[in-house]
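For the numbers below, each heavy atom of this structure counts, side chains included, while hydrogens, waters and symmetry mates do not. Being a predicted model, the structure only gives us computed values, none of them experimental. When a residue number appears, it is its place in the shown sequence, counting from 1. Remember, it's 1-based here, ligands and their atoms both numbered in the order they're listed.
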Amino acid sequence: MSGLHVGIIMDGNGRWAKSRGKPRWRGHLAGVDSVRDIVRSAPNLDVTTLTLYAFSSDNWKRPPTEVGRLFWLLREYCRRERAELLQNGVKVTAIGRRDRIPRSALGTLEELEDATRHGTTLHLRLAIDYSSRWMIAQAAAELARAVARGTLAPEEIYPDLMDPLIHRGVPHLDLLIRTAGEQRLSDFMLWEAAYAELYYTNTLWPEFRARNLVAALSEFGRRKRSFGGLLKIEPSVKVS
Ligand code: FPP
């Protein structure tokens, strides 16, 4: 898998529902259609890793009924999409904490992870009970344990040492999309976004489809990425 890694903060489900006079969960339900469409179209657009922010660790602050609906939707997604995901060679993994996910949702999710583990077309990462700061703290704790064991000196701790503990073999993030007009990261992939291109759109997540991903990717294609260095500019006049 050597294509692009795209991360998406799927925002605007509640606003979509409200504007139609529907309860908030109907926005989440409609959001699943967008997930399906983007997962189907990603491989054709050279996206080989897709990380979706499905439930942030701060989302526990929402009313229990909404939280319950979200995990129900997640479970249904894992069950209903399983055959198609397998057929399309999608490998699904979850990132984030697992100890607080309701047991039935976790069981279905882990079954899906196991069933799709050989997928090579697209790596779909579902960020669930996810907090980027928590992930960074986990990596820091891993290094602290090595220091305590005496196998690592604090002076040896540099970003390059921390990097693999956060990326865990997943390619660096190329493009981070947030829907529904908000322009913040909300604790999503803070470390990974160090050199990612950020793309914001007013489109609400339930209305986000393959054509919107195409628009984001073509904007990405126009960005100049120097990763802090200098862009190679071909001299227009040859010096002999
Ligand atoms: C943010 O919209 C969205 C979420 C907190 C949940 C995203 C979940 C889904 C799209 C469905 C389930 C996902 C999968 C992968 C099956 P919001 O509710 O904060 O919207 P608002 O800002 O308009 O209120």
Basic-acidic side-chain contact under 4.0 Å: R117, E113: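 Judged by the 4.0 Å cut-off on N to carboxylate O distance, R117 and E113 do not form a salt bridge.
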Part of R36 with heavy atoms under 4.0 Å of ligand 1, whether side chain, backbone, both or neither: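 R36 to ligand 1: no contact under 4.0 Å from either part.
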Neighbour count >12 (heavy atoms, 6.0 Å) for atom CZ, R209: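 Yes, the 6.0 Å shell around CZ holds more than 12 heavy atoms from other groups.
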Contact partition for N59 relative to ligand 1, non-hydrogen atoms under 4.0 Å: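 Contact part for N59 vs ligand 1: side chain (C-beta onward).
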Non-hydrogen atom of G12 closer than 4.0 Å to ligand 1: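 Under 4.0 Å: yes for G12.
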Over 12 non-hydrogen atoms of neighbours within 6.0 angstrom of CZ in F227: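 Yes - once you tally the heavy atoms of other residues, nucleotides and ligands closer than 6.0 Å, there are more than 12.
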Within-4.5 Å side-chain heavy-atom neighbours: R36 and V32: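 Yes; the side chains approach each other to less than 4.5 Å.
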Proximity flag R24 to ligand 1, non-hydrogen atoms under 4.0 Å: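 Per 4.0 Å heavy-atom rule, R24 contacts ligand 1.
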Per atom 8 (C) of ligand 1, closest listed option by heavy atom (C78, G31, A54, G181):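 Residue with the shortest heavy-atom distance to the ligand atom: A54.
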Residue selection (non-hydrogen contact nearest atom 16 (C) of ligand 1) among Y53, F208, Y77: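 The nearest heavy atom belongs to Y77.
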Any N or O of G14 closer than 3.5 Å to N or O of ligand 1: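 So ligand 1 has an N or O lying under 3.5 Å from an N or O of G14.
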For atom 15 (C) of ligand 1, closest protein heavy-atom neighbour: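 Here the nearest protein heavy atom works out to L126 CD2, 3.8 Å.
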R62-ligand 1 polar pair, N/O distance under 3.5 Å: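 Yes, there is a polar N/O contact under 3.5 Å.
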Nearest-contact summary for atom 14 (C) of ligand 1 - protein heavy atom, Å: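 I find the closest protein heavy atom is V35 CG2, 4.3 Å.
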Part of W205 with heavy atoms under 4.0 Å of ligand 1, whether side chain, backbone, both or neither: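 The part of W205 near ligand 1 is the side chain, not the backbone.
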Any N/O pair D11/ligand 1 closer than 3.5 Å: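 There is such a contact, yes.
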F55 ring center within less than 6.0 Å of W72 ring center: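 Aromatic pair excluded; centres sit 6.0 Å or further apart.
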Minimum side-chain heavy-atom gap L213-F208 below 4.5 Å: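 Side-chain contact under 4.5 Å: yes.
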Pairwise distance CD(E182) to CG(D11) - rounded to 0.5 angstrom: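 Rounded to the nearest 0.5 Å, the CD-CG separation comes out at 6.0 Å.
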